[in-house]
Amino acid sequence: MALSKKSMLEKLFDSHATGLVRYLTRKMKSAEDAEDIAQNAFIRIQKLAEAGELENPKAYLYQTASNLAIDQIRREKLHSNYLQGEVTRQLADYEVPGAMPDYCTPERLLAAKQQLNEMERAIGKLPLKCRQAFLLHRLKGLSYAEIAQDMGISVSSVEKYILQALKACRKALERVGASEI
């Protein structure tokens with residue numbers, strides 16, 4: 001009985017090995033990896049074929065090969081991410097200790113703090129409904145329609161309030177020498 005199962009596996013190999021490798025090469029982008037995975041898939045299916053547990057050997061073969069390919073792609077991605085992290089850590093070790101990146105210079109931090117304070121003052125001076133609409137949009141991420149419904153006003157009123165708030169913020173930033181919101 002096992003002899004006939006082996007011949008079934010040999011027939012499966014003869015008729016599907018080339019197509020399976022082609023299929024896996026498209027997935028893996030490497031003929032060598034595809035051949036290794038195809039070989040592993042045949043090894044796995046051989047055990048089931050010997051036990052007589054295969055109803056659709058071709059489908060099982062392709063599914064097994066596909067699962068093996070996905071596993072290998074995941075392992076390669078994890079490995080790549082690990083190596084990338086190691087390179088980043090090593091590059092960080094070569095930087096001058098205690099040196100701040102350009103974006104965190106004391107001057108830039110002071111300018112950002114001044115801009116933030118000026119914007120807070122400008123927003124605080126806005127009329128209540130204008131300030132409320134602006135904060136709902138910018139802080140809570142609500143759409144204009146959601147704000148209109150929440151506040152019981154029209155969408156065009158929300159648009160006017162937010163435009164008014166943006167103009168006030170822009171003027172505040174111009175006062176401290178910044179040009180963008």
Side-chain angles (χ1 to χ4, degrees), residues 22-38 40-41 44 62-181:
R22 228 176 324 168
Y23 167 74
L24 291 169
T25 301
R26 285 192 303 270
K27 271 186 171 263
M28 302 301 298
K29 311 281 191 275
S30 163
E32 293 81 11
D33 288 345
E35 289 174 4
D36 289 345
I37 291 170
N40 287 335
R44 287 197 181 184
Y62 273 79
Q63 187 61 54
T64 301
S66 182
N67 290 346
L68 290 170
I70 290 168
D71 289 345
Q72 183 165 334
I73 290 168
R74 285 180 184 150
R75 280 192 304 273
E76 288 172 356
K77 188 173 182 178
L78 282 171
H79 182 70
S80 173
N81 289 345
Y82 172 76
L83 290 178
Q84 190 174 9
E86 285 298 312
V87 168
T88 302
R89 277 189 284 279
Q90 287 178 2
L91 289 176
D93 291 344
Y94 289 111
E95 292 179 2
V96 179
M100 283 199 270
D102 287 342
Y103 61 87
C104 286
T105 62
E107 294 83 14
R108 291 187 100 176
L109 290 173
L110 178 62
K113 191 172 187 176
Q114 289 172 342
Q115 291 169 5
L116 184 60
N117 288 337
E118 195 61 34
M119 296 236 343
E120 284 177 342
R121 272 194 285 278
I123 292 169
K125 291 179 183 177
L126 291 171
L128 179 63
K129 286 192 173 195
C130 181
R131 183 172 58 240
Q132 184 181 7
F134 181 72
L135 293 175
L136 286 172
H137 181 62
R138 288 294 171 121
L139 297 180
K140 295 211 175 194
L142 297 181
S143 69
Y144 288 7
E146 292 170 325
I147 295 168
Q149 184 178 10
D150 189 54
M151 293 178 63
I153 57 177
S154 69
V155 174
S156 69
S157 294
V158 172
E159 291 171 349
K160 289 175 189 172
Y161 287 147
I162 291 178
L163 182 61
Q164 181 182 350
L166 288 172
K167 285 179 181 178
C169 290
R170 189 170 289 119
K171 284 181 184 176
L173 288 176
E174 287 172 0
R175 285 193 292 271
V176 292
S179 61
E180 294 185 26
I181 295 179

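The structure displayed is predicted, hence computed values, not measured ones.
With sequence neighbours left out, the side chain to side chain donor-acceptor pair (under 3.5 Å) criterion links K171 to no other residue. With sequence neighbours left out, the side-chain contact (heavy atoms from CB on, under 4.5 Å) criterion links E120 to L116, N117. Every ring pair (Phe, Tyr, Trp, His ring centres under 6.0 Å) that Y62 has, sequence neighbours left out, goes to Y23. With sequence neighbours excluded, the residues forming a side chain to side chain donor-acceptor pair (under 3.5 Å) with E76 are Q72, listed by chain and number. Applying the side-chain contact (heavy atoms from CB on, under 4.5 Å) criterion to E146, with sequence neighbours excluded, gives L142, S143. For S154, the side chain to side chain donor-acceptor pair (under 3.5 Å) test picks out S156, S157, with sequence neighbours left out. Residues passing the side-chain contact (heavy atoms from CB on, under 4.5 Å) test with D71, sequence neighbours excluded: R74, R75. Looking at residues two or more places apart in sequence or on another chain, you find a salt bridge (charged side-chain N to carboxylate O under 4.0 Å, His left out) between R121 and E118. Every residue two or more places apart in sequence or in another chain was checked for a side chain to side chain donor-acceptor pair (under 3.5 Å) with Q164, and none qualifies. With sequence neighbours left out, D150 forms a side-chain contact (heavy atoms from CB on, under 4.5 Å) with L136.
To the nearest 0.5 angstrom, K27 atom NZ is 11.0 Å from L68 atom CG. In this structure, the separation between CD1 on I162 and CG on L126 is 11.5 Å, given to the nearest 0.5 Å.
Residues in residues 126-137 take part in no side chain to side chain donor-acceptor pair (under 3.5 Å) pair, two or more places apart or across chains.
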